[in-house]
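The chains referred to below are lettered A, B, ... by the order of the sequence lines, with proteins before strands, and numbering in each begins at 1.
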Protein chains: 2
Amino acid sequence: MDLQTPLIKDRNCSSCPIRHRAVCATCDDDEIVTLDAMKYYRSFDAGQPIMWAGDRMAFVGSVVSGTATIERLMEDGRKQTMGLLLPSDFIGRPGRDTATYDVTAITDVTLCCFRRDSFEKMVAQTPHISQRMLEMALDELDAARDWMLLLGRKTAREKIATFLMMIVRRSTEGEAVLTTGSKQITLPLTREAMADYMGLTLETVSRQFSKLRKEGMIVMDGKRDITIPDVEALQAETGSDLS
Amino acid sequence: MDLQTPLIKDRNCSSCPIRHRAVCATCDDDEIVTLDAMKYYRSFDAGQPIMWAGDRMAFVGSVVSGTATIERLMEDGRKQTMGLLLPSDFIGRPGRDTATYDVTAITDVTLCCFRRDSFEKMVAQTPHISQRMLEMALDELDAARDWMLLLGRKTAREKIATFLMMIVRRSTEGEAVLTTGSKQITLPLTREAMADYMGLTLETVSRQFSKLRKEGMIVMDGKRDITIPDVEALQAETGSDLS
DNA sequence: CGTCAGGTTGATTAGGATCAACACAGGTGG
DNA sequence: CCACCTGTGTTGATCCTAATCAACCTGACG
């Protein structure tokens with residue numbers, strides 16, 4: 001009876017790992033029952049497109065596991081990544097029927113999806129959801145604006161330091177806020193993907209990592225695993241005020 | 001100069017010039033009556049701060065007339081402008097009590113304000129408003145992401161061309177969409193403010209304007225007034241796909 | 001094994017930043 | 001009325017950061 005599609009089919013909202021942070025975070029029990037019936041899971045392999053700019057958006061959804069990027073390409077191949085999508089982040093825009101950005105799975109990704117038309121109805125009828133959507137959209141807007149400062153005004157070194165601190169912050173979510181001491185992180189992106197996110201080339205990213213390593217600001221345990229011996233010192237390299 | 005300012009006190013929502021595009025656009029008559037009673041106008045002279053990053057946000061509001069910028073400063077004085085606020089644009093973030101950005105009036109500005117706490121209650125109780133807020137936040141998010149491509153990947157020349165086309169588009173709002181022929185525009189920003197918006201220096205902005213002028217892409221009728229003889233040709237310089 | 005994706009490092013170039021001088025209009029006060 | 005100042009803008013000379021071009025390394029995998 002149960003062939004492929006292992007655990008996913010059995011999942012329900014009450015055991016959902018992103019239940020408390022996703023778009024459904026503020027829904028009450030009745031609303032969750034409705035969403036539970038509407039939802040379906042989709043999986044994407046690392047490297048696969050989830051959505052193409054210009055395509056019709058048939059669904060919206062939340063990242064349950066894995067990492068994806070929001071990006072846009074220019075005709076000549078230049079690429080800018082506008083955001084990382086981590087578990088609990090929302091994909092898609094109710095009220096618009098074609099995607100304006102490419103969304104790409106960079107690790108294996110599982111989404112909790114809703115058909116766009118049904119979800120739009122649900123948003124219109126459920127203040128808990130539209131209010132939560134607003135909250136999340138405003139958070140993303142703040143993040144986008146912070147990134148605009150990075151892209152427009154920060155040096156390569158400051159960009160890398162800021163990026164690393166963002167990873168530290170995201171991987172510390174839930175735990176006590178960490179502003180001092182050491183921290184171990186795993187980079188979710190290749191050098192090239194980091195470059196596209198920060199408006200640099202992959203060579204510049206690589207060089208800045210080497211420089212920070214030689215200076216002892218970071219210790220590399222493999223290409224993707226990094227220890228930051230002194231988080232405060234790295235923070236001081238970001239150029240940001242300590243918000 | 002502005003003999004219109006006295007009129008502000010008499011304004012009510014039914015004669016409001018931004019009624020159909022602002023946060024209140026989708027409100028019904030009853031809701032407008034409530035907002036009408038809650039609102040108050042505030043004016044700011046050109047150059048004056050409207051809000052400081054870190055300050056307590058006592059109010060939110062809509063731009064009724066004039067232009068303001070959203071920007072952030074680094075300790076060493078580097079500045080990045082994250083957005084222009086034109087009539088009907090919304091200032092402030094319900095659900096947050098300190099501002100995360102500076103907002104500055106760059107021309108004389110009139111705002112239609114609401115006390116933040118009352119507005120938040122209204123948002124919570126009025127789906128028309130929270131839905132409109134969501135729509136506007138998502139539009140701003142799209143605009144911010146488009147600008148991230150400009151900041152991260154475009155050349156100085158492409159940045160200027162993109163900026164000019166944005167002004168063309170905004171000053172054409174309501175009229176038929178113009179993708180060809182000539183167009184006259186007035187720049188709302190100084191060279192320095194444009195530089196801060198595009199992640200350039202004022203010298204580079206000035207040089208690129210001179211270059212476009214020498215090439216005949218633009219004609220300058222004074223420092224701030226520009227004629228674009230061939231809008232399509234300028235669009236071709238933006239590096240963007242024709243979305 | 002050979003191939004390929006991901007990464008590092010070196011040499012050179014170029015696009016903008018920086019530093020600097022000057023132009024010009026609009027006040028302002030003597 | 002003029003001398004002076006200040007904010008805004010232009011242009012030139014030089015410098016520097018990051019892009020570009022290129023070689024090579026490593027590990028995974030068919």
Anything under 3.5 Å between a protein N or O and an N or O of nucleotides 12-14 of chain D, put it in a table, one pair a line.
residue	atom	partner	partner atom	Å
D:dG12	N7	B:Arg207	NH1	2.8
D:dG12	O6	B:Arg207	NH2	3.0
D:dA13	N6	B:Arg207	NH2	3.3

In plain terms, say whether [X] and [Y] are close enough for a salt bridge, that is, a side-chain N and a carboxylate O under 4.0 Å apart.
X	Y	result
B:Glu158	A:Arg78	yes
B:Asp102	A:Arg145	no
A:Asp142	B:Arg96	yes

DNA chain C contacts made by residues 188-196 of chain A, counting heavy atoms under 4.0 Å:
A:Thr190, A:Arg191
Within residues 216-228 of chain B, those residues having any heavy atom closer than 4.0 Å to DNA chain D are B:Lys223, B:Arg224
Around A:Glu192, counting heavy atoms of other residues, nucleotides and ligands shown, do more than 12 lie under 6.0 Å from its CD?
no
Let me know the distance between NZ of B:Lys159 and P of C:dG16, rounded to the nearest Å.
7 Å
Interatomic distance where CG belongs to B:Leu202 and P belongs to C:dT18 [whole Å]
10 Å
Categorize B:Gly47 for me: base, sugar-phosphate, or nothing, with a 4.0 angstrom heavy-atom threshold over every strand shown.
nothing
Phosphate OP1/OP2 of D:dT10 contacted by B:Ser206 side-chain N/O (<4.0 Å)
yes
Among [options], which nucleotide has an atom closest to any side-chain atom of [X]?
X	options	value
A:Thr155	D:dA18, C:dA17, D:dT10	D:dA18
B:Gln208	C:dG16, C:dA17, D:dA18	C:dG16
A:Ala156	D:dA18, C:dG16, C:dT18	D:dA18

Aromatic rings B:Trp147 and B:Phe163: how do their planes relate, parallel, tilted or perpendicular, breaks at 30° and 60°?
perpendicular
